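Just below is one structure, and these are the notes that go with it.
A quick note: this is a predicted structure, and the numbers were derived from the prediction, not measured.
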Amino acid sequence: MGQITNLVHEAHQNAVIKGWWEEERTLGELIALINSEVSEALEDFRNGETPEHMWYERKAAGLVLKSEKRKSTEDKPCGIPSELADIVIRIFDLTGHYGWEERLEQSVARMHLMPPGPNQVSVERPFAENLTIIQGWLTDAYRGASDTLTISFLALAIIDTFRLAEIHSINLEKAIQEKMNYNATRPHRHGGKQL
């Protein structure tokens, strides 16, 4: 098994432990949750954050403290790098639930070798437009007529998320591992969310 397969297992197992699979969720709901991370990246950008800027938040005595450096494993990674990481982590969780981890890894490996197409993330496009490209792959994944097509579009979303990170000098592998480590410290169904 390769790196993606291992990360899929880790992300999905953490989601199960934290209670996010106590009720069944549809593919459409899962895709919507991934899209919410794309939207959070856009909101950070709209609020004036640069794509590479990452910071950490900690709640203490009713206050939210912001720091440029992580001081504790309980410090929440924030910023566009963290939101891009969440896109990939949620795709990992989805594919882990459906047992598609090895197929996803094979699809990413195969497509990563191909040159980017005209409808993929590129340095020529503005940041927000590149996010739309990723959302398009997610929509196509939802509309996929077969598991194979859904997996292929999820692979393209991962590839383009990494491409967007590379364009903006973001170490996405580091951001993913950091966010997964943080997610492991969170309480059961943190925030009381429904989905």
Say whether, by atom type as modelled, one donor and one acceptor occur between the side chain of E49 and the main chain of D44 under 3.5 angstrom. no
Passing candidate, side-chain contact (heavy atoms from CB on, under 4.5 Å) with I31, options L154, T26, T139: L154
Scan side-chain atoms only and decide if T50 and E52 contain a donor-acceptor pair under the 3.5 Å cut-off. yes
Under the side chain to side chain contact (heavy atoms under 4.5 Å, CB included) criterion, do K18 and N183 qualify, and how do the steps go? CA-CA 9 Å; K18 298 302 178 181; N183 287 344; over 6 Å; no
I want to know whether H168 and F127 have ring centres closer than 6.0 Å. yes
For S72 and E74, run side chain to side chain donor-acceptor pair (under 3.5 Å): C-alpha distance rounded to whole Å, both residues' side-chain angles, the deciding distance at 0.1 Å, then the answer. CA-CA 5 Å; S72 162; E74 294 180 9; 4.9 Å; no
Under 3.5 Å side-chain donor-acceptor pair for N14 and E10: no
Assess whether side chain to side chain contact (heavy atoms under 4.5 Å, CB included) is satisfied between D160 and N130, documenting all intermediate values. CA-CA 8 Å; D160 271 352; N130 277 326; over 6 Å; no
Strictly below 4.0 Å, N to O, side chains only: are D93 and R90 in salt-bridge contact? no
Please name the pair of heavy atoms, one in N119 and one in R125, separated by the smallest distance, quoted to 0.1 Å. CA-NH2, 4.2 Å
For the side chain of T185 and the backbone of N181, is there at least one donor-acceptor N/O pair under 3.5 Å apart? no
V16 to W21 - nearest heavy-atom pair and separation: CG2-CD1, 3.8 Å
Could you tell me the separation between the CD atom of E37 and the CD1 atom of I91, rounded to the nearest 0.5 Å? 10.5 Å
For R70 and E178, which heavy atoms make the closest approach, and how far apart are they? NH1-CG, 3.1 Å
Out of curiosity, Y142 OH to E29 CD, how far, rounded to the nearest 0.5 Å? 9.5 Å
Distance col, row Y56:OH vs K66:NZ, nearest 0.5 angstrom, shows 12.5 Å
Using 4.0 Å as the upper bound for N to carboxylate O, is an ion pair formed by R46 and E43? yes
Report the C-alpha distance between I4 and F92 in whole Å, list the side-chain angles of each, state the deciding distance to 0.1 Å, and finish with yes or no for side chain to side chain contact (heavy atoms under 4.5 Å, CB included). CA-CA 8 Å; I4 288 177; F92 288 167; 4.0 Å; yes
Determine yes or no for a side-chain-to-main-chain donor-acceptor pair under 3.5 angstrom, with S82 supplying the side chain and G79 the backbone. no
Transitive ILVMFWY side-chain link I167 to M54, under 4.5 Å: no
Interatomic distance, CD1@I134 vs CG@L84, rounded to 0.5 Å, equals 6.5 Å
For Q120 versus G117, what's the shortest heavy-atom pair and its separation? OE1-N, 2.8 Å
Does atom CZ (R143) have a neighbourhood of more than 12 heavy atoms from anything else shown, all under 6.0 Å? no
So which heavy atom on L172 is nearest to which on A165, and how close? CB-CB, 3.8 Å
Connected via hydrophobic side-chain network under 4.5 Å: I80 and L42: yes
Would the distance check show the side chain of R25 and the main-chain N or O of W20 forming a donor-acceptor pair, the cut-off being under 3.5 Å? yes
Measure across L27 and Y98 and return the closest heavy-atom pair with its distance rounded to 0.1 Å. N-OH, 3.5 Å
Let me check something: do V123 and L156 share a hydrophobic cluster, defined by ILVMFWY side-chain heavy atoms less than 4.5 Å apart, either directly or through other members? yes
Run the numbers on E83 and I87 for side chain to side chain contact (heavy atoms under 4.5 Å, CB included), then give the verdict. CA-CA 6 Å; E83 301 307 339; I87 293 167; 5.9 Å; no
Given the rule that I, L, V, M, F, W and Y join up when any side-chain heavy atoms are under 4.5 Å apart, are M111 and W137 in one cluster? yes
I need the L94 CG to L104 CG distance, nearest 0.5 Å. 9.5 Å
Side-chain touch E102/V8, heavy atoms, less than 4.5 angstrom: no
With rounding to the nearest 0.5 angstrom, report the CG to OG1 distance, D147 to T95. 12.0 Å
